[in-house]
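Contents: one structure, followed by commentary.
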Amino acid sequence: MELQKPSESNLPLYVAALERELDEGHEPFHYSLEIIEGAKKDPSALIATFDDPVGGRLITVDAGMQRAALPSFTRWLYDGEICGSIQFRWKPGTVELPPYCLGHIGYQIFPWKRGQGLATKQLELMLGLTRNIELPYVELTTTLANVASQKVIRKNGGVFIKEFERAAEYGGGMYNLFRIDQS
Ligand SMILES: CC(C)(COP(=O)(O)OP(=O)(O)OC[C@H]1O[C@@H](n2cnc3c(N)ncnc32)[C@H](O)[C@@H]1OP(=O)(O)O)[C@@H](O)C(=O)NCCC(=O)NCCS
């Protein structure tokens, strides 16, 4: 079990998993189609977006809005297949995040791989990488209903901070905020 850095050699495995997710009728993430298209058109440009220490390119955030991307990097959990993906994004020099960004770390596990402790492992492995970035803590958010994700965070040392309402312009909704200490 390891986190893999996205590259042109493992991209086909990731795209095949995204396509399987769509074929099986699971709700796609807003980025799934963009990635499938990007992999066909320009794989090396797509791969560059998965390891972006500078940021600044326009990305679609929730509610269809476009914003400048924060610096970020993505890793894929691999156990012989790609199990899921996890992304870390941050604003250099501060622990603060812009209001459209729901936490420093976002992740998903493909539906056929869920319920085996893989999201918990994926976050544990990512925290081993984020500790190299100087931030006193990382913030993670979940919807109030996402009990599985709340457990993943708590099992990795996450401390519940508060419930908050997301600004209406970014789609609204109630969320839980957690912090994981990095000091
Ligand atoms: C949330 C998600 C990442 C969990 O992935 P996973 O690999 O199934 O999680 P794990 O197997 O590590 O499970 C973590 C805990 O949640 C529990 N859990 C898993 N699915 C659950 C569910 N549907 N309802 C309640 N608890 C659940 C597990 O039993 C485990 O708890 P335990 O250790 O007490 O048994 C996955 O469901 C997913 O990708 N969902 C869609 C994207 C998403 O919600 N991402 C997170 C955004 S904040």
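We count ligands from 1, going down the list as the structure has it; atoms in each ligand are counted the same way. Every heavy atom of this structure was used, including side-chain atoms; hydrogens, water molecules and symmetry mates were not.
Residue contacts with ligand 1 include T141, since one or more of its heavy atoms lies under 4.0 Å from the ligand.
Contacts between K151 and ligand 1 below 4.0 angstrom, taking non-hydrogen atoms only, involve the side chain exclusively. When non-hydrogen atoms are compared, ligand 1 lies under 4.0 Å from neither the backbone nor the side chain of F110. At a 4.0 Å heavy-atom cut-off, ligand 1 touches Q116 through the backbone alone.
The shortest contact between atom 42 (C) of ligand 1 and any protein heavy atom is with F29 CZ, 3.6 Å. Remark: minimum distance from atom 39 (O) of ligand 1 to any protein heavy atom is reached at I109 N, 2.8 Å. Ranking the protein heavy atoms by distance from atom 8 (O) of ligand 1 puts G115 N, 2.7 Å first. With respect to atom 45 (N) of ligand 1, the closest heavy atom belonging to the protein is Y107 O, 2.8 Å. The nearest protein atom to atom 21 (C) of ligand 1, hydrogens excluded, is given as A148 CB, 3.4 Å; this is a heavy-atom distance.
The residue from R114, Q150, Q108 that puts a heavy atom closest to atom 40 (N) of ligand 1 is R114.
Checked against a 3.5 angstrom limit, the closest N/O atoms of A119 and ligand 1 fall inside it. For a threshold of 3.5 Å applied to N or O pairs, the pair formed by N146 and ligand 1 contains at least one separation below that value. Of the N or O atoms in G117, one or more lie within a sub-3.5 Å distance of an N or O in ligand 1. Note: an N/O pair closer than 3.5 Å links K155 and ligand 1 by distance alone. At under 3.5 Å, not a single nitrogen or oxygen of K113, backbone or side chain, sits near a nitrogen or oxygen of ligand 1. Close N/O approach between T142 and ligand 1 is not found [any backbone or side-chain N/O within under 3.5 Å].
For L77 against L118, the heavy-atom pair with the smallest separation is CD2-O, 3.6 Å. Taking both residues in full, the closest heavy atoms of S7 and W76 are given as N-CZ3, 4.4 Å, listed atom of the first, atom of the second, then distance.
The environment of CD in E8 is crowded: more than 12 heavy-atom neighbours from other residues, nucleotides or ligands sit within 6.0 Å.
For atom 12 (O) of ligand 1, the nearest protein heavy atom lies under 4.0 Å away. For atom 16 (O) of ligand 1, the nearest protein heavy atom is under 4.0 Å away. Contact annotation for atom 23 (N) of ligand 1: protein absent (non-hydrogen atoms, distance under 4.0 Å). For atom 28 (C) of ligand 1, the nearest protein heavy atom lies 4.0 Å or farther away.
Looking only at side-chain heavy atoms (C-beta outward), Y78 and L13 come within less than 4.5 Å of each other. Put simply, the side chain of Q66 does not reach to within 4.5 Å of the side chain of I59, judged on heavy atoms. For the pair P71 and W90, the minimum side-chain heavy-atom distance is below 4.5 Å. Contact of the L3 side chain with the I86 side chain is registered, since non-hydrogen atoms from C-beta on lie closer than 4.5 Å. For the pair L18/F110, a side-chain contact is recorded, criterion being any heavy-atom separation below 4.5 Å from C-beta on. When side chains are defined from C-beta on, I133 counts as touching F73, because their heavy atoms get closer than 4.5 Å. Within the 4.5 Å cutoff, no side-chain heavy atoms of Q122 are placed close to those of C83. The side-chain heavy atoms of Q87 and Y107, taken from C-beta on, include no pair separated by under 4.5 Å.
Every atom of ligand 1 is numbered from 1 in the order shown, and the set under 4.0 Å from a heavy atom of T120 is 10 (P), 12 (O), 14 (C). Short contacts between ligand 1 and V152, defined as distances under 4.0 Å to a heavy atom of the residue, involve ligand atoms 9 (O), 12 (O), 14 (C).
No donor-acceptor pair under 3.5 Å is formed between the side chain of R67 and the backbone N or O of Y100.
Side-chain contact annotation: N10 with Q4, donor-acceptor N/O pair under 3.5 Å present.
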